Amino acid sequence: YTVLCEEYKLEVCKALKIKHQESHLVAIENSEAIVADVNYDKEKIILFSGRLVNVSKRLDRLLRIWGRVQHKLPDYRLVIVGDGEYRKAMEAQIARDGLERVDMIGQRTDVDTFYRKASIVALTSQYEGWGLCLTEGQAHGCIPIAFGCSAGIRSILTPSGVNGFAITPYNEDEYAETLLRIAAMSDQERDVIRHNAVALRAKYAPEIILQKWANTIESLLK
């Protein structure tokens with residue numbers, strides 16, 4: 001059986017009460033393609049990209065956090081790309097809480113154009129297996145931030161502050177403070193994190209992940 005990362009593999013072994021060395025679990029991450037021309041000249045955009053479903057994504061949290069920081073970040077916009085059954089509830093929350101500079105883009109096939117512009121990629125999920133939007137953001141030189149609610153997210157964002165930020169689940173105060181801290185950084189400080197994020201993406205290059213699958217299949221054939 002395959003799992004998403006080494007940390008999750010250890011968690012599964014512990015839950016099943018089997019020795020790590022004797023398990024039939026293999027950690028194979030999702031691949032992430034190389035972005036040929038990463039744009040480091042970012043706009044002041046905090047981006048969410050994904051399905052608008054609240055049971056897992058907890059977009060109500062994202063909007064609450066934005067409400068806490070919007071007046072302290074007057075030059076930033078929250079851009080939400082995606083669609084789903086929670087959209088009307090989000091629009092109602094935006095109106096009710098007087099949220100400003102929230103762009104509801106809807107479903108798009110050119111999501112890369114938003115990653116290219118965004119400074120920060122934000123995820124506030126209750127649970128995530130891997131969090132593809134985080135690695136997609138890293139590949140485009142965005143700074144990802146998410147609650148460290150799963151082994152997959154912690155694997156992508158650990159150590160926190162190096163290639164992104166893993167926030168204590170589900171501390172909205174810490175999340176808001178971290179957004180303000182990122183915005184207050186110098187361009188040089190943010191660029192260090194962005195370059196680290198792009199370099200981390202190399203771990204998930206298609207040729208590396210394909211080789212892991214090939215090795216696994218070969219071991220089964222033997």
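This is a predicted model, so every value here is computed, not measured.
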### Any F165 side-chain heavy atom under 4.5 Å of L157 side chain
no

#### Entry: Path from V69 to V102 over hydrophobic side-chain contacts below 4.5 Å
yes

### Task
State yes or no: do Y8 and L16 share one hydrophobic cluster built from I, L, V, M, F, W and Y residues joined by side-chain heavy-atom distances below 4.5 Å, directly or via other members?
yes

### Query
CG/L221 to OG1/T216 distance, rounded to the nearest 0.5 angstrom?
11.0 Å

### Message
Please evaluate residues N30 and T135 with respect to the criterion side chain to side chain contact (heavy atoms under 4.5 Å, CB included), reporting the C-alpha separation (whole Å), side-chain torsions for both, the decisive distance (0.1 Å), and the verdict.
### Response
CA-CA 9 Å; N30 282 35; T135 56; over 6 Å; no

### Message
To the closest 0.5 Å, what do you measure between CG (L210) and CD1 (I28)?
### Response
10.0 Å

#### Entry: Under 3.5 Å donor-acceptor, S150 side chain and Y127 backbone
no

### Task
Would you check, one step at a time, whether the test side chain to side chain contact (heavy atoms under 4.5 Å, CB included) holds for K57 with L52?
CA-CA 7 Å; K57 299 298 184 183; L52 305 188; over 6 Å; no

### Query
Sequence neighbours excluded, which residues qualify as side-chain contact (heavy atoms from CB on, under 4.5 Å) partners of K222?
none

### Message
Using the rule that Ile, Leu, Val, Met, Phe, Trp and Tyr join whenever any side-chain heavy atoms are under 4.5 Å apart, tell me whether I143 and V198 fall into a single cluster.
### Response
no

### Query
Hey, is the main chain of G106 close enough, under 3.5 Å, to the side chain of D83 for a donor-acceptor pair?
no

### Message
Are more than 12 heavy atoms, taken from residues, nucleotides or ligands other than E11, located less than 6.0 Å from that residue's CD atom?
### Response
yes

### Query
Taking atom CD of E172 and atom CD1 of I167, what is their separation to the nearest 0.5 Å?
11.5 Å

### Task
Indicate the atoms forming the closest heavy-atom contact of M104 with I94, along with that distance.
SD-CD1, 4.1 Å

### Query
Is there a chain of hydrophobic side chains (I, L, V, M, F, W, Y, each step under 4.5 Å between heavy atoms) that links Y170 to I46?
yes

### Pairs touching residues 24-80 that satisfy ring pair (Phe, Tyr, Trp, His ring centres under 6.0 Å), sequence neighbours left out
Y40-H195

### Message
Rounded to the nearest 0.5 Å, what separates atom CG in L73 from atom CD in E100?
### Response
12.0 Å

#### Entry: Distance-minimising heavy-atom pair for G148 and P169
O-CG, 3.4 Å

#### Entry: Basic-acidic side-chain contact under 4.0 Å: D97, R64
no

### Query
Going from CD1 on I153 to CD1 on I145, what distance comes out if it is rounded to the nearest 0.5 angstrom?
11.5 Å

### Query
Taking all atoms of both residues into account, what is the closest heavy-atom pair of S125 and C149, and its distance?
O-SG, 3.7 Å

### Task
Is it possible for you to say whether V12 and L10 belong to one hydrophobic cluster, with membership spreading through side-chain heavy-atom contacts below 4.5 Å?
no

### Summary
Minimal heavy-atom distance between I18 and S23, with the atoms involved, is CD1-CB, 3.8 Å

### Query
Are E128 and L134 close enough that some pair of their side-chain heavy atoms sits under 4.5 Å apart?
no

### Task
Using a strict 4.0 Å threshold on nitrogen-to-oxygen distance, state whether R58 and D60 make a salt bridge.
yes

### Message
Give me the atom names and distance for the closest heavy-atom approach of A139 to R201.
### Response
CB-CD, 3.4 Å

### Message
Keeping Q138 on the side-chain end and N163 on the backbone end, is there a donor-acceptor pair under 3.5 Å?
### Response
yes

### Message
Run N39 and K117 through side chain to side chain contact (heavy atoms under 4.5 Å, CB included) and show every step you take.
### Response
CA-CA 7 Å; N39 174 38; K117 296 176 182 179; 5.5 Å; no

Using atom types as modelled, flag every donor-acceptor pair under 3.5 Å from a side chain in residues 176-189 to any protein atom, sequence neighbours excluded.
residue	atom	partner	partner atom	Å
T178	OG1	E174	O	2.7
S186	OG	E189	N	3.1
S186	OG	E189	OE1	3.3
D187	OD1	R190	NH2	2.7
E189	OE1	S186	N	2.9

### Message
What verdict does the salt bridge (Lys or Arg N to Asp or Glu O under 4.0 Å) test give for K203 and E29, after you've listed the backbone C-alpha separation in whole Å, the side-chain angles of each residue and the deciding distance to 0.1 Å?
### Response
CA-CA 9 Å; K203 289 174 55 179; E29 302 88 351; 5.8 Å; no

### For R87, salt bridge (Lys or Arg N to Asp or Glu O under 4.0 Å) partners two or more places apart
E91

### Task
Mind checking the OG1-CG spacing from T168 to D173? Nearest 0.5 Å is all I need.
11.0 Å

### Task
Name all residues meeting the side-chain contact (heavy atoms from CB on, under 4.5 Å) criterion together with D110; count only those two or more places apart in sequence or in a different chain, and write none if there are none.
R108, T113, F114

#### Entry: Parallel, tilted or perpendicular: rings of W130 and Y204 (30°, 60°)
perpendicular

#### Entry: Under the side-chain contact (heavy atoms from CB on, under 4.5 Å) test, residues paired with A118 that sit two or more places apart
I45, L47, C142

### Query
Can you find a heavy atom in the side chain of P144 that is under 4.5 Å from one in the side chain of I156?
no

### Task
Step by step, work out the side chain to side chain contact (heavy atoms under 4.5 Å, CB included) result for Y86 and V53.
CA-CA 5 Å; Y86 196 65; V53 290; 5.6 Å; no

### Message
Is any side-chain heavy atom of R77 closer than 4.5 Å to one of K44?
### Response
no

### Query
Can you name the nearest heavy-atom pair linking S49 to C133, along with the distance?
O-CB, 3.8 Å

### Task
Give a yes or no answer on whether the side chain of R116 reaches the backbone of V38 with a donor-acceptor pair at less than 3.5 Å.
no

### Task
Measure from the side-chain N and O atoms of S160 to the backbone N and O of A166, and report whether any donor-acceptor pair falls under 3.5 Å.
yes

